[in-house]
Amino acid sequence: MAVYEDSIGQLILQWLRKPEYWSEGSSGTQALWHAYTPKPVTPSELALSRQACGVACDAQPVIKGTLPNRDIAHMAATSLGYLTWGVTNDPMDYGLGDLGGWALDLLQIWGSYLANAPEEDLASWLHAHLGEQDARMGFSYSDVLADCDAWLLARSMQSNSSERSLSTAMRDMFAQSETNRIKRFYQSRFKGSADNLVIAFRKLVDGIDLGIFDNVSGSKKKHCSLRHMQTDSRVKRRLVY
């Protein structure tokens, strides 16, 4: 197992994402996660290392559901997306690694707006629902925190390939409050600019690499509703808390 010491952090994240973001099913959402964050089975030594890591993790105390506002499976799956596809630092663009995190969560809540209140002012609706404690409309507070933590975690792990990359990143990250972690993500990822976030999101909605989301993004008329996000300060404050 020593050969794969630098993969221990990823093996633990693969265990933490189960079963919410990885089960043996091969259709629907599970199929998407299997394709987006594949689990290599070769060489055989890696598969054995993953099995040994799973046994060790199974022996630990249960932490899922014991911490407020902490969606551990979501954070783990999103982190793996970044570690698989890369952490994008361009404040005005998105990368494939973002698709398992903030990018599609933001697209999801926009889809909820179109389905539930298309005649209501977008800015007011987002101000009321983005970051809610429950997940009625998607992109709840726990989702926001998981997305921010995942980006910070993956960025740290990419710069530290040791067997302690995950524990080192977690120790640094969780020493800070939830509010500070969200602010740290916002500052590091988008240079503290809501306009940068909007530009990156509009590129996503325009369909770059994302033909499968045509049914969500809809018509150009719907695309134009994003312009409210560029000018309404209430939405900008809501996006950055």
Side-chain angles (χ1 to χ4, degrees), residues 20-21 28-33 36 68-71 73-75 77-78 81 88 91-151 178-179 181-183 185-186 189-190 192-241:
E20 296 90 338
Y21 294 87
T29 301
Q30 289 299 329
L32 290 175
W33 281 106
Y36 184 63
N69 303 322
R70 194 77 59 81
D71 189 337
H74 183 164
M75 181 192 72
T78 301
T88 300
M92 293 186 289
D93 205 352
Y94 75 94
L96 294 179
D98 293 313
L99 300 187
W102 67 267
L104 290 197
D105 278 338
L106 192 54
L107 190 65
Q108 178 179 324
I109 195 171
W110 185 45
S112 294
Y113 162 76
L114 295 177
N116 292 281
E119 303 305 320
E120 188 176 338
D121 176 64
L122 174 62
S124 299
W125 191 89
L126 282 177
H127 182 72
H129 296 292
L130 197 159
E132 286 182 303
Q133 286 295 332
D134 60 54
R136 268 188 313 154
M137 298 298 176
F139 218 168
S140 66
Y141 178 73
S142 63
D143 292 328
V144 172
L145 190 61
D147 288 341
C148 295
D149 285 348
W151 189 88
E178 296 173 3
T179 299
R181 299 201 306 272
I182 292 172
K183 288 180 178 179
F185 162 79
Y186 178 65
R189 180 63 182 84
F190 299 106
S193 168
D195 288 329
N196 286 344
L197 190 160
V198 170
I199 291 170
F201 183 61
R202 289 186 69 184
K203 289 181 179 179
L204 174 77
V205 174
D206 285 341
I208 303 174
D209 302 321
L210 288 173
I212 62 173
F213 296 112
D214 287 344
N215 61 321
V216 177
S217 57
S219 67
K220 290 184 179 179
K221 180 179 180 181
K222 292 178 181 177
H223 291 176
C224 290
S225 66
L226 289 176
R227 292 175 185 169
H228 294 293
M229 295 174 67
Q230 291 182 294
T231 57
D232 194 291
S233 61
R234 290 176 299 166
V235 174
K236 294 179 181 178
R237 287 199 301 271
R238 192 60 173 169
L239 287 172
V240 302
Y241 291 81

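All values reported here derive from a predicted model rather than from experimental measurement.
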Within this structure, what is the [atom1]-[atom2] distance for the pair [X] and [Y], rounded to the nearest 0.5 Å?
X	Y	atom1	atom2	result
Gln133	Ser140	CD	OG	8.0 Å
Ser112	Leu130	OG	CG	10.5 Å
Glu132	Ile109	CD	CD1	7.0 Å

Worksheet entry | Test applied, side-chain contact (heavy atoms from CB on, under 4.5 Å); reference residue, Leu106; option that passes from Leu197, Leu204, Asp147, Val144 |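 That would be Leu197.
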Side chain of [X], backbone of [Y]: donor and acceptor closer than 3.5 Å?
X	Y	result
Tyr113	Met137	no
Tyr21	Met75	no
Tyr36	Leu96	yes

Might you point out which heavy atoms bring [X] and [Y] nearest each other, and give the distance in Å?
X	Y	answer
Arg181	Cys148	O-CB, 4.3 Å
Phe190	Pro91	CD2-O, 3.4 Å
Glu178	Pro68	OE2-O, 3.9 Å

Practice prompt. Hey, can you tell me if His129 and Trp125 have their rings parallel, tilted or perpendicular (30° and 60° cut-offs)?
Written response: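 Taking Trp125 first and then His129, their aromatic rings sit tilted (interplane angle of 30° to 60°).
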Quick one, [X] and [Y] - any side-chain contact, counting heavy atoms below 4.5 Å?
X	Y	value
Phe139	Leu126	no
Leu145	Asp71	no
Trp151	Thr78	no

Practice prompt. Using the salt bridge (Lys or Arg N to Asp or Glu O under 4.0 Å) rule, collect all pairs that involve residues 102-117, keeping only residues at least two apart or in two chains.
Written response: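 Sorted result for residues 102-117: empty, none.
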Discussion item. Applying salt bridge (Lys or Arg N to Asp or Glu O under 4.0 Å), can you list everything that pairs with Asp98, at least two apart in sequence or on another chain?
Written reply: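 Here the qualifying residues are Arg189.
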Worksheet item: Who passes salt bridge (Lys or Arg N to Asp or Glu O under 4.0 Å) against Asp143, sequence neighbours left out?
Response: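 Here no residue qualifies.
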